[in-house]
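Working notes for the structure below.
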Amino acid sequence: MFEIKRPDPNTLELIGRFDASHERSAGSTLAGVTGDTVIDFEKLQYISSAGLGLLFATQARLNRAGHEIKLRNLSPHIREIFRMAGFDKIFTIE
């Protein structure tokens, strides 16, 4: 199960397991992000390379427009994945 909730216009919540089978629906949601956005990982249990790729592409697109994604509430496991991929240098992680 994977779900993205938008509790307010500047925040997304990722819930469940973000893997390749959710790439299309997540991509549609992330394509709608046009300004500075916080993504809350508190309820995310897993993220695949497909999920990482979508986040990276969204961050690159937003950076070109002068905006960014900030990541919040990463579990130690997911934080380590971001560190190993070098994404801790690409995203602001709170």
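As the structure is a prediction and not an experimental result, all values here were calculated from the model.
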Interatomic spacing from [atom1] in [X] to [atom2] in [Y] - rounded to 0.5 Å:
| X | Y | atom1 | atom2 | result |
| --- | --- | --- | --- | --- |
| Ser25 | Phe18 | OG | CZ | 7.5 Å |
| Lys5 | Leu14 | NZ | CG | 12.0 Å |
| Asn73 | Leu44 | CG | CG | 11.0 Å |
| Gln59 | Lys70 | CD | NZ | 10.5 Å |
| Leu55 | Phe41 | CG | CZ | 5.0 Å |
| Leu30 | Arg61 | CG | CZ | 8.0 Å |

Could you state whether [X] and [Y] fall into the same hydrophobic cluster, counting links through intermediate Ile, Leu, Val, Met, Phe, Trp or Tyr residues with side-chain heavy atoms under 4.5 angstrom apart?
| X | Y | answer |
| --- | --- | --- |
| Ile4 | Ile39 | yes |
| Leu12 | Phe56 | yes |
| Ile47 | Ile15 | no |

Just checking Met1: does its CE atom have more than 12 heavy atoms from other residues, nucleotides or ligands closer to it than 6.0 angstrom?
yes
Given the rule in the side chain to side chain contact (heavy atoms under 4.5 Å, CB included) test, do His67 and Thr37 qualify, once you have shown the distances and angles that lead to the verdict?
CA-CA 8 Å; His67 299 288; Thr37 300; over 6 Å; no
Test your reading of the model: is there a side-chain donor-acceptor pair from Ser28 to the backbone of Ala26, 3.5 Å cut-off?
no
Would you give me the side-chain donor-acceptor pairs under 3.5 Å for residues 87-94, sequence neighbours excluded?
{"residue": "Thr92", "atom": "OG1", "partner": "Glu68", "partner atom": "OE1", "Å": "3.2"}
{"residue": "Glu94", "atom": "OE1", "partner": "Arg72", "partner atom": "NE", "Å": "3.0"}
{"residue": "Glu94", "atom": "OE1", "partner": "Arg72", "partner atom": "NH2", "Å": "3.0"}

Where is the tightest heavy-atom contact between Ala50 and Ala20, given as atom of each residue plus distance?
CB-CA, 3.8 Å
Which atom of Thr34 lies closest to which atom of Leu62, heavy atoms considered:
C-CD2, 3.7 Å
Where does the angle between the aromatic ring planes of His22 and Phe2 fall among parallel (under 30°), tilted (30 to 60°) and perpendicular (over 60°)?
tilted
Run the side chain to side chain contact (heavy atoms under 4.5 Å, CB included) test on His77 and Glu80 for me, step by step, so that the C-alpha distance in whole Å, both residues' side-chain angles and the decisive distance to 0.1 Å come before the verdict.
CA-CA 5 Å; His77 172 72; Glu80 181 64 9; 5.8 Å; no
What salt bridge (charged side-chain N to carboxylate O under 4.0 Å, His left out) pairs are there with at least one residue in residues 6-27, not counting sequence neighbours?
none
